[in-house]
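Structure record follows, encoded as structure tokens.
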Amino acid sequence: MTNTPAAASSDRHSELAAGLARVRTRVADACAAAGRDLGEVSMVAVTKTYPASDVIALVGLGATEVGENRDQEASAKATEVAAAGVTPRWHFIGQLQRNKARSVVRYADVVQSVDSVRLARALDRASATVRDRPLEVFVQVSVDGAGARGGALPGSADPEAGLEPVAEMVAGMDGLRLAGLMAVAPLGWEPERAFARLAEVAAGFRVRHPQATLLSAGMSGDLEVAIRYGATHVRVGSALLGMRSTLR
Ligand SMILES: *Cc1c(COP(=O)(O)O)cnc(C)c1O
């Protein structure tokens, strides 16, 4: 076979095994502290900036969900990983331009960062032509209502970027399945305050969309708080794979 990625070195493999064990312990402890069942919380391994060999090693160690935030990098990595016969579920978690929709729906099982009606439409159209089953969608919420880190605006009737207009659009499309909400804690907010606010938004959202029960919140630095406030998916990069050299 050509283009098979090199296997991770045995040092790297041990590093990843240790990282995974540490994060699993943190998730289990946070679930126990919150009185939640461990089976309610999935870990998405955020592999951005790291090579396909790391994804393959992590899947070999039992990780099943992988997250990426840039289409060009993700698309190439997903191709390499698939060529090695390895098939995690790919989550796209970054800001997404509409013109990348056709690329993303080819490899992503889930897009967690849908925050506009226009993007939902583009993903639906792409999904309908390329995929044989609906794309899972989390609507990204702007917790501070300002949208600086992306996200639809809770409580806003803005027809393009209001949370409810975006959620209605996703829920009404054949190529998409509304799965839940995603958020990143706003810069300068204590995780406690951010995830408490998110939990309020999610409670209201679930009244209108009872089937959309998932909540993606929490990263390396704040996953315990997110689990306390109901996260079903934590997105963990640096605590698992090491500090990235670039800030993303
Ligand atoms: C990079 C990234 C993460 C992971 O961040 P860490 O702090 O490395 O765990 C989670 N969510 C999003 C949207 C990201 O871009």
Side-chain angles (χ1 to χ4, degrees), residues 12 15-16 18-27 29-30 41-51 54-55 58 61 63-75 77-78 88-97 100 104 107-116 119 123 136-144 146-152 166 179-192 194-195 198 201-202 214-248:
R12 183 59 174 155
E15 248 168 46
L16 292 171
L20 192 57
R22 274 195 308 272
V23 172
R24 282 186 171 146
T25 302
R26 285 177 61 189
V27 169
D29 289 351
V41 181
S42 304
M43 187 203 66
V44 178
V46 178
T47 51
K48 62 188 179 193
T49 79
Y50 288 101
D54 280 358
V55 176
L58 283 168
L61 289 161
T64 55
E65 320 270 324
V66 173
E68 287 282 336
N69 73 338
R70 291 194 182 174
D71 172 60
Q72 204 177 356
E73 176 184 349
S75 155
K77 210 179 290 183
R89 269 163 61 80
W90 292 90
H91 294 244
F92 192 86
I93 62 173
Q95 290 202 356
L96 182 57
Q97 306 283 322
K100 301 289 173 61
V104 166
Y107 60 85
D109 301 286
V110 185
V111 174
Q112 294 200 3
S113 42
V114 175
D115 62 356
S116 74
L119 178 57
L123 286 168
E136 246 187 70
V137 167
F138 291 61
V139 177
Q140 184 175 350
V141 176
S142 168
V143 170
D144 61 5
R149 301 186 87 181
V166 175
L181 298 179
M182 180 273 239
V184 179
L187 288 172
W189 283 45
E190 289 297 322
E192 180 80 31
F195 296 137
L198 176 62
V201 172
L214 304 182
L215 183 62
S216 173
M219 324 199 302
S220 292
D222 55 18
L223 66 89
E224 285 85 359
V225 186
I227 288 173
R228 180 143 46 86
Y229 283 100
T232 64
H233 288 67
V234 292
R235 309 178 305 270
V236 185
S238 50
L240 198 56
L241 292 114
M243 292 306 283
R244 293 175 296 275
S245 48
T246 52
L247 263 185
R248 64 174 179 101

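Just so you know, ligand 1 is whichever comes first in the structure, and atom 1 is the first atom listed for that ligand. We count residues from 1, following the sequence as given.
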* Option nearest atom 2 (C) of ligand 1 (shortest heavy-atom distance, choices Lys48, Arg235, Met182, Glu68) -> Lys48
* Asked: So which heavy atom on Asp144 is nearest to which on Pro186, and how close?
  -> OD2-CB, 3.7 Å
* Asked: Short N/O distance, under 3.5 Å, between Gly237 and ligand 1?
  -> yes
* Structure fact -> Between Ala217 and Leu198, the two heavy atoms sitting closest are CB-CD2, 3.6 Å
* Structure fact -> In ligand 1, the atoms that come under 4.0 Å of a heavy atom of Ser220 are 6 (P), 7 (O), 8 (O), 9 (O)
* To do: Have a look at Leu223, Ile93, Val236 and point out the one with the heavy atom closest to atom 12 (C) of ligand 1.
  => Ile93
* With distance as the sole criterion, is a donor-acceptor pair present between the side chains of Ser42 and Glu65 under 3.5 Å? -> no
* Structure fact -> Shortest non-hydrogen pair, Thr49 vs Glu73, comes out as N-OE2, 2.6 Å
* Asked: Is the closest heavy-atom distance from Gln112 to ligand 1 below 4.0 Å?
  -> no
* Going by heavy atoms in the side chains, are Asp29 and Glu224 under 4.5 Å from each other? -> no
